[in-house]
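Before I ask anything, here is the structure I am working with.
Letters A, B, ... are given to chains in the order of the sequence lines, protein chains preceding strands, and every chain is numbered from 1.
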Number of protein chains: 2
Amino acid sequence: MIRVLIADDHQMFIDGLKSLLERESGIEITGSANNGTQALECIEAQKPDVVLLDINMPEMNGINTTALIRKKYPAVKVLILTMYKTKGFINGLTRTGAAGYILKNTSHSELMEAIRTVAAGGTFFSKEVAETLSDKKPRFEVHSDASLSKREIEIIREIAKGLTTKQIAEKLFISYYTIETHRKNILSKLQLTNTAEVILYASQSGLLD
Amino acid sequence: MIRVLIADDHQMFIDGLKSLLERESGIEITGSANNGTQALECIEAQKPDVVLLDINMPEMNGINTTALIRKKYPAVKVLILTMYKTKGFINGLTRTGAAGYILKNTSHSELMEAIRTVAAGGTFFSKEVAETLSDKKPRFEVHSDASLSKREIEIIREIAKGLTTKQIAEKLFISYYTIETHRKNILSKLQLTNTAEVILYASQSGLLD
DNA sequence: TAAAAAATAACCAATGTCAGGTATTGTCTA
DNA sequence: TAGACAATACCTGACATTGGTTATTTTTTA
């Protein structure tokens with residue numbers, strides 16, 4: 001019996017998935033959570049074998065949650081379930097120790113295969129995800145990590161509000177050059193080239209909620 | 001018996017919802033579609049009573065699909081199912097004739113209530129959506145995406161991919177100056193001042209994908 | 001407590017965007 | 001069929017971003 005915990009911010013998705021998985025033999029849904037913090041509490045209480053984790057959740061994002069799960073409960077397998085195949089996320093998550101990464105547009109049978117594979121100690125990546133992984137080439141040692149710092153996230157939020165580098169510097173009472181540096185580090189960490197891509201990434205990954 | 005069609009670009013979501021709704025008495029799932037075009041084909045073939053429509057789908061977006069369904073099949077009720085509660089989008093859809101608008105984080109019971117209400121000829125809006133509708137201060141003005149031209153939306157999508165004005169001009173085989181003009185018109189129509197705001201708006205209103 | 005990471009600051013050249021215009025042609029529709 | 005809208009194109013000056021660097025101070029973590 002594989003014990004599974006579902007963490008997703010959309011209750012409707014949880015309900016549907018639960019109904020779907022309950023029909024499968026050999027799988028038991030221990031519970032569900034709507035964010036990372038809740039997920040950790042559920043793991044503590046329920047000790048599942050596999051956690052189906054959405055990365056687009058409020059309060060605590062997927063990377064941080066994965067890192068905490070791996071640290072506190074090394075026996076629990078993390079299977080990332082998401083709509084996005086953002087390079088930064090995939091790299092960050094696999095490095096953090098996710099056992100698998102599948103997209104929400106994958107089929108029922110592939111989902112089952114993924115759950116069984118990671119429960120058995122293996123790794124599972126959707127075809128599209130695997131392709132993204134294979135063409136990664138981290139250019140900078142220090143800044144190739146997808147985990148953005150608090151300050152960087154704060155600055156992305158100001159950019160999303162439409163503020164310019166100069167305006168952000170004034171608002172945060174720090175130098176224009178510092179903001180410039182942060183912006184450059186953000187682009188570098190996410191392996192992007194301009195603001196438009198950063199805002200799209202931030203919006204889609206729930207960084208702005 | 002209420003005949004329901006599900007349209008969503010995530011197969012996993014469809015599978016889950018299907019499994020969930022099949023357990024309900026009085027509801028029959030006639031089929032599913034992964035985009036707007038497919039949804040229209042399914043309606044023609046299956047004549048459902050209610051269409052559960054995700055607005056964040058590729059190929060054809062929710063507003064266009066809703067408009068076409070209302071025009072060709074006035075008897076079919078459209079129940080919008082989405083993650084977003086963006087003002088401009090909600091207004092656009094209700095104006096187009098959607099019978100209901102519920103968020104993906106709503107509960108199972110609320111979903112059932114929504115389906116039954118719209119099937120009976122009523123309207124149903126999630127609490128949060130209703131609040132957004134009654135909100136006097138819209139985040140984005142009435143100049144919303146209804147007034148953006150096809151070309152403008154196309155250009156916004158290219159900007160979101162990270163292309164510069166020059167690159168877009170080359171890709172679309174038109175002048176750099178034309179793209180500049182379109183960008184200025186986009187900013188003016190949406191009453192925004194820079195690219196970051198445009199991308200956030202586009203992303204949150206489901207203009208992309 | 002030593003090492004790592006984050007936050008700070010600076011400079012400059014190249015490139016890109018924005019805010020003002022003006023103007024022509026094609027297409028839809030009241 | 002006239003008027004509105006969409007798409008096209010052009011120009012300029014001002015302003016903003018990006019890439020390539022280096023470097024110090026502060027904070028966090030192992």
| Are A:Tyr177 and C:dT8 close enough that a side-chain N or O sits under 4.0 Å from OP1 or OP2? | no

| Looking across every strand, which nucleic acid part, if any, lies under 4.0 Å from B:Asn185 by heavy atom: base, sugar-phosphate, or nothing? | nothing

| request: Give a yes/no on whether any side-chain N or O of B:Ser188 is located under 4.0 angstrom from OP1 or OP2 of C:dA19. | output: no

| request: Provide, to the nearest angstrom, the distance between the CG atom belonging to A:Leu192 and the C1' atom belonging to D:dT18. | output: 13 Å

| note | Taken to the nearest whole Å, CZ/A:Arg151 to P/D:dT27 is 12 Å

| message | Between B:Lys184 and B:Lys150, which residue's closest nucleotide on DNA chain D lies nearer the 5′ terminus? | response | B:Lys150

| field | Whole-Å distance separating the CG atom of B:Asn194 from the P atom of D:dT18 | value | 11 Å

| query | Between D:dA6 atom P and B:Arg183 atom CZ, what is the distance in whole Å? | reply | 19 Å

| request: Taking the six-membered ring of B:Phe13 (Phe, Tyr or Trp), confirm whether the NZ or CZ of B:Lys104 is under 6.0 Å from its centre and within 45° of its axis. | output: yes

| said: Taking any heavy-atom pair under 4.0 Å as a contact, classify A:Thr178: base, sugar-phosphate, or nothing. | reply: base

| task | Kindly say if B:Thr181 contacts the phosphate of D:dC10, meaning a side-chain N or O under 4.0 Å from OP1 or OP2. | result | no

| query | From D:dT17, D:dA7, D:dC10, pick the nucleotide closest to the side chain of B:Ser149? | reply | D:dA7

| Selection from D:dA6, C:dT17, D:dT18 that lies nearest to any side-chain heavy atom of A:Leu187 | D:dT18

| Should we say atom NZ of B:Lys166 is surrounded by more than 12 heavy atoms from elsewhere, each under 6.0 Å from it? | no

| task | Figure out the CG/P separation between B:Leu163 and C:dT15, and round it to whole Å. | result | 18 Å

| request: Provide the closest heavy-atom pair for B:Ile156 versus B:Leu207 in the form atom of the first, atom of the second, distance. | output: CD1-CD2, 4.0 Å

| query | So, is B:Thr165 close to the C:dT17 phosphate, meaning a side-chain N or O under 4.0 Å from OP1 or OP2? | reply | yes

| Nucleotide nearest B:Lys166 when distance is taken to its side chain, options D:dT18, D:dA16, C:dG16 | C:dG16

| Does a donor on one side chain sit under 3.5 Å from an acceptor on the other, for B:Thr193 and B:Glu197? | yes

| task | To the nearest Å, give me how far apart CD1 (A:Ile159) and P (C:dT17) are. | result | 15 Å

| query | For the base of C:dA10, is there a side-chain donor-acceptor partner from A:Ser175 under 3.5 Å away? | reply | no

| request: Flag yes if more than 12 heavy atoms outside B:Lys72 fall under 6.0 Å of its NZ atom; otherwise flag no. | output: no

| task | Using whole Å, report how far OH of B:Tyr176 lies from C1' of D:dA7. | result | 18 Å

| said: Whether the B:Tyr73 and B:Glu44 side chains hold a donor-acceptor pair (N or O, under 3.5 Å, no angle test) is what I'd like checked. | reply: yes

| message | Categorize B:Thr193 for me: base, sugar-phosphate, or nothing, with a 4.0 angstrom heavy-atom threshold over every strand shown. | response | sugar-phosphate

| said: Rounding to an integer number of Å, can you tell me how far B:Ile186 CD1 sits from C:dA19 P? | reply: 13 Å

| So, is B:His182 close to the D:dA7 phosphate, meaning a side-chain N or O under 4.0 Å from OP1 or OP2? | no

| Side chain B:Glu180 and base D:dC10 donor-acceptor under 3.5 Å | no

